[in-house]
Amino acid sequence: MPSNTPSGAQPRPEQDAESLLRLQERLTQVSRMVTAGEMLSGIAHELNQPLAAVTLYAQACDRLLGAPDPDMGEVREALQEIASQSVRAGQVLHRLRSLVGSERHERETLQVNELITEIAELIRLSTRQQRVRYREQLARELPKVHVDRAQIQQLVLNLVRNSLESLADTPLIVGEITVGTLLKSDGTVEIFVRDNGNGLSPLMQGHLFEPFRTTKAEGTGLGLPISRAIAHAHGATLEYRPTASGGACFSLCLQPEVPLESVPSRRSLQIAHTPDR
């Protein structure tokens, strides 16, 4: 394809910015596909359950209708179950499609907790497959944020995947991943992903966000660099900190859409805990 830049001329700043934006979108799409691929075993298991139920209820309908005097009440109940299980399977596919969709998204103003609850089932699919407990700690009455919904959700899923990989290397403990939100004292809205694994070595922490740095033989080393690029594109920060118990915690801090003085004080905020999964 011929270049729009004359020979010997330097690219204009707007061309550089557009090229970087296209590159970020392509890298984010690759990251989404990798995440989806690594979740496939859990997704396949989750789809198999409603599809198997549809088959069983359809067979039951066939037997009931073949009887001399079929019980139409039981037939109706079986058909309702078929419809219910079909909707369940469709919801799983919808969440997967939303994850890997390549369409360009626009930023919108929304409640940060929406971002977590919308992908919670995808997270549970993976944690259940690995027998890891999943918990949510979502603060109430947080200020809204202005973000690209799909990109921030992809960032959170990347962090969850990292935690699952870490917990796979610590089989002697009952793994637990917590995804939560809170309002920080500087007014930023934090999304955190915390696990009770072995954390990261000081050496690894120093190179954490460098491309192609990974401790996994099959890893790409691109998940965290892409995640930090998404954060920076939103004027946000993505940082790592060890937990008191030695696990890992990644913190994404987003600027609020409204001024800090217009939101409730931290004293008035409450944390909603979900039970262990």
Side-chain angles (χ1 to χ4, degrees), residues 29 32-103 105-106 108-142 144 148-150 152-154 156-157 160-161 164 174-181 191 193 270-277:
Q29 179 63 11
R32 289 177 187 168
M33 297 300 292
V34 170
T35 301
E38 294 182 355
M39 287 180 164
L40 274 181
S41 59
I43 292 171
H45 175 72
E46 193 72 9
L47 275 176
N48 185 61
Q49 291 179 328
L51 293 178
V54 166
T55 300
L56 290 174
Y57 284 116
Q59 292 171 344
C61 283
D62 185 57
R63 289 195 301 271
L64 288 168
L65 292 173
D69 185 18
D71 186 333
M72 299 309 296
E74 289 189 13
V75 171
R76 186 176 297 106
E77 289 180 5
L79 290 173
Q80 290 171 346
E81 285 295 336
I82 289 174
S84 175
Q85 295 298 325
S86 298
V87 169
R88 179 182 169 190
Q91 289 172 340
V92 174
L93 291 174
H94 175 74
R95 288 190 292 270
L96 180 62
R97 183 181 178 185
S98 297
L99 171 62
V100 301
S102 60
E103 66 273 13
H105 298 271
E106 298 296 332
E108 56 186 308
T109 300
L110 45 77
Q111 293 287 351
V112 71
N113 288 348
E114 292 178 21
L115 301 172
I116 307 304
T117 56
E118 287 176 356
I119 59 173
E121 190 57 30
L122 281 176
I123 296 173
R124 291 188 187 103
L125 294 181
S126 297
T127 54
R128 280 201 295 262
Q129 184 75 8
Q130 200 167 308
R131 301 186 184 277
V132 170
R133 284 199 298 253
Y134 171 59
R135 309 182 78 181
E136 290 175 3
Q137 292 181 355
L138 305 181
R140 299 192 180 116
E141 300 181 43
L142 291 170
K144 292 183 177 181
D148 182 315
R149 181 189 300 263
I152 298 300
Q153 288 177 331
Q154 175 59 37
V156 174
L157 289 172
V160 169
R161 189 178 74 239
L164 285 170
V174 177
E176 181 175 295
I177 293 175
T178 302
V179 177
T181 58
I191 302 175
V193 177
Q270 297 178 336
I271 300 293
H273 294 266
T274 60
D276 291 352
R277 298 297 194 275

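If you read the sequence from its start, that first residue is 1, and numbering goes on from there.
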Glu81/Glu77 under side chain to side chain contact (heavy atoms under 4.5 Å, CB included): CA gap, chis, key distance, verdict: CA-CA 6 Å; Glu81 285 295 336; Glu77 289 180 5; 5.8 Å; no
As an exercise, state the distance from [atom1] of [X] to [atom2] of [Y], rounded to the nearest 0.5 Å.
X      : Y      : atom1 : atom2 : value
Arg140 : Gln111 : CZ    : CD    : 13.0 Å
Asp148 : Gln153 : CG    : CD    : 9.0 Å
Arg161 : Leu164 : CZ    : CG    : 9.5 Å
Leu142 : Glu114 : CG    : CD    : 11.5 Å

Close side-chain approach of Val160 to Leu122, heavy-atom, < 4.5 Å: no
Side chain proximity check, Ile119 to Val156, heavy atoms < 4.5 angstrom: yes
Under 3.5 Å: donor-acceptor pair, side chain of Ser86, backbone of Ile82: yes
Flag, side chain of Glu176 to backbone of Arg133, donor-acceptor distance under 3.5 Å: no
Name of the residue among Thr181, Ile177, Ile116 meeting side chain to side chain contact (heavy atoms under 4.5 Å, CB included) with Glu136: Ile116
Solution key, residues 53-71 side-chain donor-acceptor pairs under 3.5 Å, sequence neighbours excluded:
| residue | atom | partner | partner atom | Å |
| --- | --- | --- | --- | --- |
| Thr55 | OG1 | Leu51 | O | 3.1 |
| Asp71 | OD1 | Gly73 | N | 3.0 |
| Asp71 | OD1 | Glu74 | N | 3.3 |

Nearest heavy-atom neighbours spanning Val179 and Leu138: O-CD2, 4.2 Å
Set of salt bridge (Lys or Arg N to Asp or Glu O under 4.0 Å) partners for Glu108, sequence neighbours left out: Arg149
